[in-house]
Amino acid sequence: MTTEQIQNFQGKYPKQIWSLFFSEMWERFCFYGMRGMLVFFMISQLKFQEEQANLQYGATQAFVYAFTFIGGLFADKILGFRKSLFWGGLLMIVGSLILATDPHRFFFLGIAFTVVGTGFFKPNISSMVGQLYKPNDPRADAGFSLFYAGINLGALLGGYFCIAIGKGEMFSNLIPEGLRWNVAFGLAAVVMVISLINFVFTQKSLGQIGLQPGHPDAEVKSAPIMKWKEYGVYALSLVFVPLIMTMVSVPEYTDYFMWIVGPATLLYLFYEMTKVTAAERKKLWAALVFIIFSIIFWGIYEQSGGSMSIFAAKNLNKDLLGLDPNGVNNSGGAFFVLLAAVPIGLLWIWLNKRKLEPNTLIKFGLGFIFLALGFYTLYTTKFFANEGGITSLRFFTVALFVITLGELCLSPIGLSIMTKLSTKNLQGMMMGMWFLASAYGQYVAGIIGAHMATAKEGSSNLDALLAYAEGYKQLAIYALVAGIILIIISPLVKKLMQEVR
Ligand code: GLN
């Protein structure tokens with residue numbers, strides 16, 4: 001099948017999207033399963049101090065998303081999307097198997113493999129989704145929304161099962177106590193194997209999509225890639241493993257790394273920009289604007305892993321079906337994505353038919369407005385607090401829902417617009433940059449969270465609640481300002497985007 005034939009599909013979704021949906025779902029199961037165990041495992045099993053565990057968790061998150069840039073870059077230049085994905089998946093399996101064998105002894109080794117593997121897997125599967133669509137197919141955003149539901153289904157299941165098994169809350173009568181963590185990490189390996197097997201079968205239906213540059217059937221014709229270059233990439237990625245192990249173990253290194261990597265990737269992008277036509281260059285500038293705004297978005301959004309989890313633990317009651325506030329905070333977002341992603345995607349198609357669909361800039365703007373509303377709702381929880389500083393989980397959950405609506409206007413749409421604005425030979429790299437931005441978002445989120453934590457130090461629970469509420473109001477204002485700035489600069493960005501909407 002040619003790409004043209006794939007892209008001329010009838011109906012709402014191309015059929016290949018389902019295979020990519022499932023591969024990504026299992027990959028996210030593995031990723032979020034592992035991520036969900038990290039801090040708990042470091043504190044309870046490796047006996048790390050809480051602060052150290054949190055710092056190392058932050059470092060891992062930063063490196064994971066930083067490696068998406070490298071994974072995307074090598075996919076464009078040498079491996080192609082399919083081989084990159086496969087190689088990344090293999091590394092993730094190795095990482096999980098190492099952890100399953102002896103998580104106490106080989107913890108950071110296993111994590112480092114997973115970090116590099118995710119870098120090769122994550123951006124490239126998203127790029128392949130983009131290639132199922134013609135550049136201006138109005139159905140693409142709905143496709144990415146569906147794909148995003150798959151991401152969150154994997155996140156929800158992995159995030160729940162792995163840690164529950166590790167802690168012994170599940171299957172404890174089947175698994176001997178000393179082996180619980182091995183089985184939990186082993187589960188991550190098993191689902192990753194399923195992801196790759198599923199992908200092997202998917203490949204047949206992908207036609208020319210994701211072939212290695214220089215492959216005789218590839219859409220863009222070029223000289224074949226020399227084998228030593230391909231093996232060189234594999235070897236190089238293995239060299240990164242011990243490097244990451246060292247970097248993760250010393251928190252300051254993360255700071256240096258973050259200060260160097262961002263500017264370096266920007267410089268590299270500017271260099272690549274000199275090699276494209278003026279029209280293509282404008283589109284890359286537009287992509288960069290979206291990337292920068294996404295840093296602000298994730299910086300605010302990612303409070304969920306930091307300050308909001310402390311808020312949930314200390315300041316919320318159980319007035320929502322008796323659910324545990326931290327459980328709601330951890331999985332509420334993914335749950336709401338599952339509920340709303342597909343309807344919102346279909347809404348875009350429905351609006352498009354009536355010539356009412358907002359363009360990407362407006363969708364991003366809406367993303368910020370919902371984010372602002374959500375954080376404002378978090379602020380208002382203070383009006384329902386008792387004198388012990390305990391407030392309503394129901395309100396908190398409403399806030400989560402509104403924040404998730406914002407996420408759905410920005411995150412899948414961002415994936416989609418990256419594939420539309422990048423030139424054919426820079427797709428992987430730009431997708432990598434999109435995810436790199438979330439590494440910076442996480443980084444910023446950590447800094448904001450730390451500031452909010454110092455503001456409430458040594459105070460009563462009620463004072464702590466008031467301090468957090470004040471912080472969330474500030475974040476709501478920032479989100480609103482970002483949304484307004486986006487609207488103000490939208491005519492300029494529209495010009496840069498040209499025919500892309
Ligand atoms: N939750 C989404 C995912 O796992 C978005 C991640 C991100 O861009 N920060 O793909």
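For ligands, and for the atoms within them, numbers begin at 1 and follow the listed sequence.
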Query raised in the report: Going by atom types only, do S23 and N198 share a side-chain donor-acceptor pair under 3.5 Å?
Result: yes
Query raised in the report: Can a donor-acceptor pair be found between the side chains of S411 and Y148 at a distance below 3.5 Å?
Result: yes
Requested in this report: Salt-bridge test for K420 and D141: reply yes if a basic N is under 4.0 Å from a carboxylate O, no otherwise.
Outcome: yes
Query - Residue pairs passing the ring-ring contact (aromatic ring centres under 6.0 Å, His included) test where at least one lies in residues 399-446, sequence neighbours excluded - result: F336-F401
Report summary line: Distance filter under 4.0 Å, heavy atoms only, around ligand 1 gives R28, Y32, Y65, K122, Y148, I151, W298, F435, S438
**Report entry** With sequence neighbours excluded, residues passing ring pair (Phe, Tyr, Trp, His ring centres under 6.0 Å) with F201
**Finding:** none
Requested in this report: Could you list the residues that satisfy ring pair (Phe, Tyr, Trp, His ring centres under 6.0 Å) with Y65, not counting sequence neighbours?
Outcome: none
